[in-house]
Number of protein chains: 2
Amino acid sequence: MTSLNKITDFRRPVAINLANRTAASACDDCGARRHGLCDALSDDEVGFLFRAAQRQTLPAGTVFIEEGEPAAYFYNVNSGNVRLFKSLPDGRRQITGFAGPGHFLGLAATEKNVFSAETMEPVRLCRFSRAAMLSMFAEYPILERKLLDVAMHELVISQQQMLLLGRKTAIERIASFLLSWAERQDVCASGALPKPHSSLTLPLSRTDLADYLGLTIETVSRSLSNLKREGLIEIPNIHEVVLLRPQALSDIAEAAV
Amino acid sequence: MTSLNKITDFRRPVAINLANRTAASACDDCGARRHGLCDALSDDEVGFLFRAAQRQTLPAGTVFIEEGEPAAYFYNVNSGNVRLFKSLPDGRRQITGFAGPGHFLGLAATEKNVFSAETMEPVRLCRFSRAAMLSMFAEYPILERKLLDVAMHELVISQQQMLLLGRKTAIERIASFLLSWAERQDVCASGALPKPHSSLTLPLSRTDLADYLGLTIETVSRSLSNLKREGLIEIPNIHEVVLLRPQALSDIAEAAV
DNA sequence: GCGCCTCCATGACGCAGGTCAAAACGCCAC
DNA sequence: GTGGCGTTTTGACCTGCGTCATGGAGGCGC
């Protein structure tokens, strides 16, 4: 995102709100304080956000954004992971992405939600009404810039995913996923390969994985077993994968010739 | 995009540049003047854009953005259509979208281009250096808002495409494509069905269609033939399709149960 | 007109990955 | 420990779409 930031990092002077120590310190403890939208704001500014937000704690498996329903709110995830997905009437599901701490939800929103969101684990989040977002944008133009950055990054990701879904084989999809998940977990720098024997935590079920990669759970399972048999990965338990040979994985993922 | 506009349509006062009649009238003749970025600006303001732009005319089949190359420019398409795509080393290609008059290219850009762009016909466009874009953003903050709108719309589209690529059958992909192309050609309002017997122009080859829908040309050809045989469409010539029964197409596209 | 070339349609066949079915593996309650 | 349940793995089989191959239709130069 470096060069995008070049576009949006020349900060304008912004109105400084009255300090709100209570809010600032409440946000200090938040997992999202140094990520996403909130990271763009000073302690004083974030207090404004704090007062505009309704904080919610949701149990695992809660669908809090439903495709087709009126889009009334924006959300900022504080802790826990969320899956975003679209469904067909017959039950087929495509997970379009995952949102963790610091992720902002509601970007791809029109009058009606165009996707659904469901918590994968207990999740804490800040909820903003449309009206609250409007006033925040008016007050802090930097938020808009930040949002543009986020949206552009999402676009890059979804183009990669289109290539994966449209043109990659099952094994290539799995290899691509493992490497991108390593990046997401900060196991390696963006664009770089993780070190051999890096360990990943997968909070996803096989069903999630299948619906994200456009496969069935059986094919996901078989492909992972293949990679294990070939000695490229290890699977100590269902929610953990060790990347033994990242370079080999990358060769598969990128269809190196 | 109505509700997105709600977010970004409360216009801030912007600096009014000196009138530039020459520029304004040159832009008047441009197919993109009332679309995309330029549509957000007054005649006076667009003169500023005009002076920052280098105008180019490219023959059909020109690759003017190449994946992996340093991202030096932004583009605004004035006339003609462009395909955007990502490729794998072995030649597999996924078209991630099409850009026509008024479309702005370079949104999903980092330091290196993450996709390629190729003209499908002779194309006229305005080219902006990164530096020029920076100064334009500084001068006209409204451009940023517009860009955010555009990016959000692109996100909605690409989520739809992920559902299509990950979970739809060949015939469903074709039906979905025909309906979305009808919307794009303004044959019908966004979200509405085109009237029976609406006619579409397809500037795409079967190869483009296949690479956009994640299929092979043979499957595209066969699926179109099926729809024709079933009486849902007519194909008077290779670049034209008549939608005889849009409702039936929609039932297939949305997998109505 | 004719030859050439590119794109498209269609048929025959093969295979990657989907479907169906059955173990195997946790994991929790008791 | 034992039993029950949900998830994952593995196997056997099937099919939708890819691959390969052939013929036809249009476009263009001469």
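We name chains A, B, ... by the order of the sequence lines, and we start the count at 1 in each one. If you're wondering where the values come from, they're calculated on a predicted model, not measured in any experiment.
Residues B/T207 and A/A170 both approach DNA chain C. Their nearest nucleotides, taken by heavy-atom distance, put B/T207 toward the 5′ side. Comparing A/R222 and B/R222 by the nucleotide of DNA chain D whose heavy atom lies nearest to each, the residue mapping closer to the 5' end is A/R222.
The residue B/S221 sits close to a base: some heavy atom pair falls under 4.0 Å. Using a 4.0 Å heavy-atom distance criterion, B/L215 is classed as a sugar-phosphate-only contact. Among the protein residues, B/I238 comes within range of the sugar-phosphate backbone only, with heavy atoms under 4.0 Å from sugar or phosphate atoms but none that close to a base.
In this structure, the side chain of B/S116 engages the main chain of B/E67 through a donor-acceptor pair within 3.5 Å. The backbone N or O of A/D211 lies less than 3.5 Å from a partner atom in the side chain of A/Q94, making a donor-acceptor pair.
Atom CD1 in A/I217 sits about 13 Å away from atom C1' in C/dA21, given to the nearest Å. To the nearest angstrom, P of C/dT19 lies 10 Å from CZ of A/R92. As rounded to whole Å, 16 Å separates atom P of C/dC7 from atom CG of B/N237. Taking atom NZ on A/K228 and atom P on D/dT10, their separation rounds to 6 Å, with Å as the unit. Rounded to an integer number of Å, the gap from CD1 of B/I171 to P of D/dG18 is 13 Å. Atom-to-atom, CD1 of A/I174 to P of C/dA16 comes out at 16 Å; the value is rounded to the nearest Å. Whole-Å rounding puts the A/L209 CG to C/dG17 P distance at 15 Å. Summarising the geometry, the separation between NE2 on A/H239 and P on D/dT8 is reported as 7 Å, rounded to the nearest angstrom.
Put simply, the side chain of A/L164 reaches to within 4.5 Å of the side chain of A/Q161, judged on heavy atoms.
Here the nucleotide nearest the side chain of A/E218, chosen from D/dC17, C/dC20, D/dT8, is C/dC20. Listed candidates were D/dC17, C/dC8, D/dT8. Nearest to the side chain of B/R206 is C/dC8.
Below 30°, between 30° and 60°, or above 60°: for A/F177 and A/Y212 the angle between ring planes is above 60°, a perpendicular geometry. Aromatic ring pairs are classed by plane angle as parallel below 30°, tilted from 30° to 60° and perpendicular above 60°; the pair B/W181 and B/F98 is perpendicular.
Taking only side-chain nitrogens and oxygens, B/S205 never comes nearer than 4.0 Å to OP1 or OP2 of C/dC7. The shortest distance between the side-chain N/O atoms of A/T216 and the OP1/OP2 oxygens of C/dG17 is not below 4.0 Å.
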